[in-house]
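Below: the structure, in structure tokens.
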Amino acid sequence: MGSEDRLHEQDLQRIEGLRLIDDDFLREVFDGNIEATELLLNVIFDRNDMKVIKVIGQREIKGIEGHSVKLDIMAEDSEHRVYDVEVQRQDRGGLPQRARYNSSMMDTVLLATGEDYSALIPTYVIFFTEKDVIGDGLPLHEYLMTDKYTGNLLGDGRHIIFVNGDNHNETTRLGKLVHDFKCTSPDEMYFDVLAKSVRHFKETEGGIRRMCKVMEDMRRETAVLTLIDGYRDIKMDESEIKKRIMAKFNLTKTEAQAYMDLSVASA
């Protein structure tokens, strides 16, 4: 068996084990998937009437200075509220700060040049975490800006929500959603909408081919970023780094610069 065949077999095994809590899989399943996104938001907000008009898997927002950000899912509902849904598997610190940053970056693309600040629409940054990052066992937390002394809401329209992936109460819709997000088999999922979407990427020829391409792109990205980091460690000039990765990976100037920016953002 050649190296390409071995990689393909490894990819197929990895696809079998993918879950919605895995960000690359989440983006593919939800990209353009109105029905699944409506289900997700209705369960999180304990409603049945929310309508989604647009959803994009992996929306990149470039910072003018400093970090850019890649949103796992960016959705808009029929009332023009915007949602950023992120999955977080690692128990890393700084999630509140990351949520704050994502919220501020969303505002930069939602407010057109010359528009009054009052035109900013409500935004929701939702972190679906694998573990109980808050640590109190509650299934969900929603944070809004309030007055320290009166408790009154500021009313700036910013919402930050954490969904506890350690919630195992499968008698509730939210508990069932958590189960489905951490489930590898569509046959064991509660929600048919999610099972159907997951089954497409795990069991159909087109879906499997798409996921294999995603994994190939991930390997390429890792190789490019590793080389960039190595060159930076030895203080190589940025223009020389770009020239070398263009030659080695057959990249255009635009593609090379995107990898250079990504390397800084993920540092």
(message) Under a 3.5 Å threshold, yes or no: a donor from one side chain and an acceptor from the other, between D136 and H141?
(response) yes

(message) Assess whether a salt bridge exists between D180 and K176, defined as any Lys/Arg side-chain N lying under 4.0 Å from an Asp/Glu carboxylate O.
(response) no

(request) Return yes if some donor-acceptor pair links the side-chain N/O of T37 with the main-chain N/O of N33 below 3.5 Å, else return no. (result) yes

(request) Identify whether the distance between the nearest side-chain nitrogen and carboxylate oxygen of E86 and R98 falls below 4.0 Å. (result) yes

(message) Under a 3.5 Å distance rule, please check whether R173 uses its side chain to pair with a backbone N or O of N42 as donor and acceptor.
(response) yes

(message) Less than 4.0 angstrom from a charged side-chain N to a carboxylate O is my criterion; do R81 and E76 meet it?
(response) no

(message) Tell me whether E216 is salt-bridged to R220, with the criterion being a basic N under 4.0 Å from an acidic carboxylate O.
(response) no

(message) Any carboxylate oxygen within less than 4.0 angstrom of a Lys/Arg side-chain nitrogen, looking at E28 and K213?
(response) no

(request) Please determine if R232 and D237 form a salt bridge, counting it only when a charged side-chain N lies under 4.0 Å from a carboxylate O. (result) no

(request) Verify whether the ring centers belonging to Y259 and F249 lie closer than 6.0 Å. (result) no

(message) Pairing donors with acceptors under 3.5 angstrom, does anything connect the side chains of E170 and Y190?
(response) yes

(request) Answer yes if the side chains of D84 and T123 hold a donor-acceptor pair under 3.5 Å, and no otherwise. (result) no

(request) Please answer whether the main-chain N or O of E238 pairs with a side-chain N or O of K243 as donor and acceptor at a distance below 3.5 Å. (result) no

(message) Side-chain heavy atoms nearer than 4.5 Å, only ILVMFWY residues, links allowed to pass through others: does that put L71 and I121 together?
(response) yes

(request) Salt-bridge test for K131 and D166: reply yes if a basic N is under 4.0 Å from a carboxylate O, no otherwise. (result) no

(message) Looking only at the side chains, is there a donor atom on one of R89 and T129 sitting less than 3.5 Å from an acceptor on the other?
(response) no

(message) Looking at F25, I'd like to know if the NZ or CZ of K202 sits under 6.0 Å from its six-membered ring centre while staying within 45 degrees of the ring's axis.
(response) yes

(message) Quick check against the 3.5 Å criterion: does D116 have a side-chain atom that pairs as donor or acceptor with the backbone of A119?
(response) no

